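Structure, as structure tokens:
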Amino acid sequence: MQTIDAPVVSCGALRSSDEGRRVTLNGWINRRRDHGGLIFIDLRDHEGITQVVFDPAQASFTDAEQLRSEDVVTVVGSVRRRPEGTINAKLGTGEIEIVVDTLVILNRSAVPPFPVNLDETVNENLRLEYRYLDLRRPRMQHNLRTRHKIIKSMRDFFDAHDFIEIETPLLIKSTPEGARDYLVPSRLFPGSFYALPQSPQLLKQLCMVSGFGRYMQIARCMRDEDLRADRQPEFTQVDVEMSFVSQEDVMEIMESCVRTVWRDVLHHDVPTFVRMTHQDAMRRFGSDKPDLRYGLELTDVSDLFAASDFVVFRTAIDAGGSVIGVRYPGGASLSRRDFDALTESAKRHGAKGMVWVALGADGVKSSAAKFISPELAAEIGNRCDAVTGDAFLLFADATELTRTVAGRMRVEIATKAGLRDPKVFAFAWVTDFPYLERDEATGLPVPAHHPFSSPGPGQWELIDSDPFAMRAQHYDMVLNGYELGSGSIRIHQAAQQRRIFAMLGMSDEQVEDRFGFFVRALEYGAPPHGGMALGIDRLVMLACGEEDLREVIAFPKNQAFRDVMMDAPSPVPGKLLRELYLTSTAPQAEDGR
RNA sequence: GGCGCUGUAGCUCAGUUGGUUAGAGCGCCGCCCUGUCACGGCGGAGGUCAUGGGUUCGAGCCCCACCAGCGUCGCCA
């Protein structure tokens, strides 16, 4: 770059008060308007756009004629107030323009594969293949800069509260519990593997044993799980652990952190988080991560059908199940076809069927009109807070299943009714999770969270008599129907940890092999401790009003977990494999796809 | 892995009942244009209709297979 005497300013900085200043601007050609005898250039950087004018009297005019979209230039010139009637109110810099005396074309651009200067929808894989161009667009600039501010705000918050950030290793030991590990073969120890961390869980607990009573880390985590829209193979967490604390202490600091971020970065005052138990969440919303931006709570109307002639509902109730209603605001105007589509959707969510009742101004309509008198419809409507013009949907089956189905339909209704406003942030804590779940395939107990969480006070007694009734000191932070993160008070005594492993069916040998180092650490004066991890990608996504994690990650994998820009994963030369003592058994290992 | 939707120009899309030479806007190239800001005008280039097979006198359109993308469910202590 040549030396330039005029001060450098950003493309969003200049105002009419800068008139007469001689300045330097660096940026990309956002748009060119060539009038033949007069050329306007919109020069863009991440701060904004400034109009630059060339006329034929200037030496740079011939160079300006060559400029095309996305060329990179330096212009030196003076700030001029735009002539009367040519002010552009859409630009912050719209009152001025730059009259150029020097134009330096630093680099030309090939014709971009998609418009960089428009927020037009473009095939996502094309965006990802040319991610560096996609990231030039204002939306991505904004999202990543917001992400930076959020992470910085968190680090500042924890620093101010005496936490220290400790880096934990990426090459660790594989443990067969939980999600599938990403493995890294060891060249120096043939046949052995490191694993990439699914989270720094054990390491941060060891930091507690070491006396670092307040730990945090912006930690990368990797899980080799199946593809999902809302998932990336690697993701970022703000990971926190504290010694000598209660569940309340951890929740307080995490809530305070998030509220600080929302205040400082989004300038948004978040009220004290709503709290509810897991049991209540399931009963009222059919979900352990309820979206609290709207009501539409599930309503149990089993008693109204206890003596009904409606065999379907009666059967469910007699078998100990429930009939649950969900209000559909404005749903009375839906067509039969709409209700059929809802029914199909409910079946996909696991329902056996669905009964709809529309409370129209012209009377009650229902898919089960024979069994639901207008009086009964009115009574159910009343309980669901439905008014004329609304509809409600009824589901009947085993209670737990019915709640889950109704909970998913509640979200679907809210989506259709436009109740999911991305500008509204409804935070909540869900507490008192069950300690165990039943593995669907084997029927064996598996931890609902992880085996390092501690059962709550008084829960240990249930371990032999009724283990599935045990509650954990485990809490989830929920935002708008998304789980932002999970935390728990941990087990800090070796004997208790061994007891849990045993309950999960692990032999002493297995415990020693997989977690020996960890249980041993608990034997050396491990303090009581607990913590939490929040998913940064998800949190930033919601903060930015985005609906896809990839919109807040600089270089994400695509939906098939491929990096389409670098083309990864990809085959490697046989020499590399041999050094690692690996042989591929993949079909067509030559090209690897 | 299951199910649903989509695949046509560089991008975003249209394409009727199966019928002659497959279109539009933006972008790109050339010429013209001194106050535009999504500048304007004239002209032009650009297509394996994802791929393979089938039905048909004739397929972008119908059928089968396959690939890719998108969504969703299974999975994610």
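Note on naming: letters A, B, ... go to the chains in the order of the sequence lines (proteins, then strands), and numbering restarts at 1 for each one. Keep in mind that what you see is a predicted model, and the values were worked out from it rather than measured.
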*Could you check which nucleotide pairs with B:C39 in any of the strands shown, counting Watson-Crick or G-U wobble with both distances under 3.5 Å?*
none
*In whole angstrom, what separates A:Asn125's CG from B:A68's P?*
12 Å
_Under 3.5 Å side-chain donor-acceptor pair for A:Arg490 and A:Ser488_ = yes
*Just call it for A:Gln198: base, sugar-phosphate, or nothing, with non-hydrogen atoms closer than 4.0 Å on any strand.*
nothing
*The side chain of A:Glu124 lies closest to which of these nucleotides: B:U12, B:C70, B:C39?*
B:C70
*How far, in whole Å, is B:C42 from B:U6 if one measures between their C1' atoms?*
38 Å
*Would you check if A:Met242 and A:Val250 make a side-chain contact, meaning some heavy-atom pair closer than 4.5 Å?*
yes
*Consider the side chain of A:Val122, meaning its heavy atoms from C-beta on, and name the nucleotide among B:C37, B:U12, B:G35 that approaches it most closely.*
B:U12
_Counting only Watson-Crick pairs (N1-N3 plus N6-O4 or O6-N4) and G-U wobbles (N1-O2, O6-N3), all under 3.5 Å, who is the partner of B:A45?_
none
*Grab the CG-P distance between A:Leu118 and B:G10 for me, whole Å please.*
18 Å
*Any A:Arg68 side-chain nitrogen or oxygen under 4.0 Å from OP1 or OP2 of B:C29*: yes
*Separation between the P atoms of B:C5 and B:C63, rounded to whole Å*: 12 Å
*asked:* Can you confirm whether the side chains of A:Arg420 and A:Thr415 place a donor and an acceptor under 3.5 Å from each other?
replied: yes
*Interatomic distance, A:His35 NE2 vs B:C31 P [rounded to whole Å]*: 17 Å
*Given B:G10, B:C28, B:C76, the nucleotide with the shortest approach to the side chain of A:Val111*: B:C28
*Could you check how far CG of A:Leu43 sits from P of B:C37, rounded to whole Å?*
19 Å
*asked:* Once you apply a heavy-atom cut-off of 4.0 Å, does A:Pro83 come out as touching a base, just sugar-phosphate, or nothing?
replied: base
*Contact class for A:Thr121 vs. all strands (heavy atom < 4.0 Å): base, sugar-phosphate, or nothing?*
sugar-phosphate
*Rounded to the nearest angstrom, tell me the gap between atom CD in A:Glu344 and atom C1' in B:G4.*
12 Å
*Could you state the CG-P distance from A:Leu549 to B:C76, rounded to the nearest angstrom?*
19 Å
*Determine the interatomic distance between C1' on B:C57 and the same-named atom on B:A14; round to the nearest Å.*
29 Å
_Under a plain distance cut-off of 3.5 Å, with no hydrogens placed, do A:Thr343 and A:Asp340 share a side-chain donor-acceptor pair?_
no
_B:G47 to B:U56 separation - C1' atoms, rounded to the nearest Å_ = 25 Å
*Would you indicate what A:Pro451 reaches in the nucleic acid, counting non-hydrogen atoms under 4.0 angstrom: base, sugar-phosphate, or nothing?*
base
*asked:* Determine whether a donor-acceptor pair (one donor, one acceptor, N or O, separation below 3.5 Å) exists between the side chain of A:Arg82 and the base of B:C37.
replied: yes
*asked:* Check this for me: does the side-chain of A:Arg80 come within 3.5 Å of the base of B:G35 through a donor and an acceptor?
replied: yes
*asked:* The criterion is side chain to side chain contact (heavy atoms under 4.5 Å, CB included); which residues satisfy it with A:Leu342, sequence neighbours excluded?
replied: A:Tyr328, A:Leu334, A:Phe339, A:Met354, A:Leu393, A:Met409, A:Glu412, A:Lys416
*Any side-chain heavy-atom pair from A:Pro556 and A:Leu549 closer than 4.5 angstrom?*
no
*Could you check A:Val446 against A:Leu38 and say which one's nearest nucleotide on RNA chain B is further toward the 5' end?*
A:Leu38
_Quick check: on RNA chain B, is the nucleotide nearest A:Arg32 upstream (toward 5') of the one nearest A:Phe114, or the reverse? Name the residue that is more 5'._
A:Phe114
*asked:* Just to be sure I understand the rule, does A:Leu91 reach a base, reach only the sugar-phosphate, or reach nothing, if contact means heavy atoms closer than 4.0 Å?
replied: nothing
*Taking the same atom, C1', in B:G19 and in B:G60, what whole-Å distance lies between them?*
13 Å
*asked:* Can you measure A:Asn30 atom CG to B:U36 atom P for me and round it to whole angstrom units?
replied: 19 Å
*Considering Watson-Crick and G-U wobble pairs with both distances under 3.5 Å, what does B:G25 pair with?*
B:C11
*Does a side-chain N or O from A:Lys90 land closer than 4.0 Å to OP1 or OP2 of B:A38, or not?*
yes
*Report which part of the nucleic acid A:Arg231 touches: base, sugar-phosphate, or nothing (heavy-atom distance under 4.0 Å, all strands).*
base
*Check: A:Gln559 side chain, B:G71 base, donor-acceptor under 3.5 Å*: no
*Figure out the CG/P separation between A:Asp34 and B:C32, and round it to whole Å.*
10 Å
*Verify whether one side chain among A:Gln51 and A:Asn88 offers a donor that lies under 3.5 Å from an acceptor in the other.*
no
*With both distances under 3.5 Å as the test, what is the Watson-Crick or G-U wobble partner of B:U56?*
none
*Taking only the side-chain nitrogens and oxygens of A:Arg33, find out if one of them lies under 4.0 Å from OP1 or OP2 of B:U36.*
no
*Nearest 0.5 Å please: distance from the NZ atom of A:Lys557 over to the CE atom of A:Met566.*
7.5 Å
*asked:* Under a 3.5 Å cut-off for both contacts, is B:G4 paired Watson-Crick or G-U wobble with anything, and if yes, with which nucleotide?
replied: B:C70
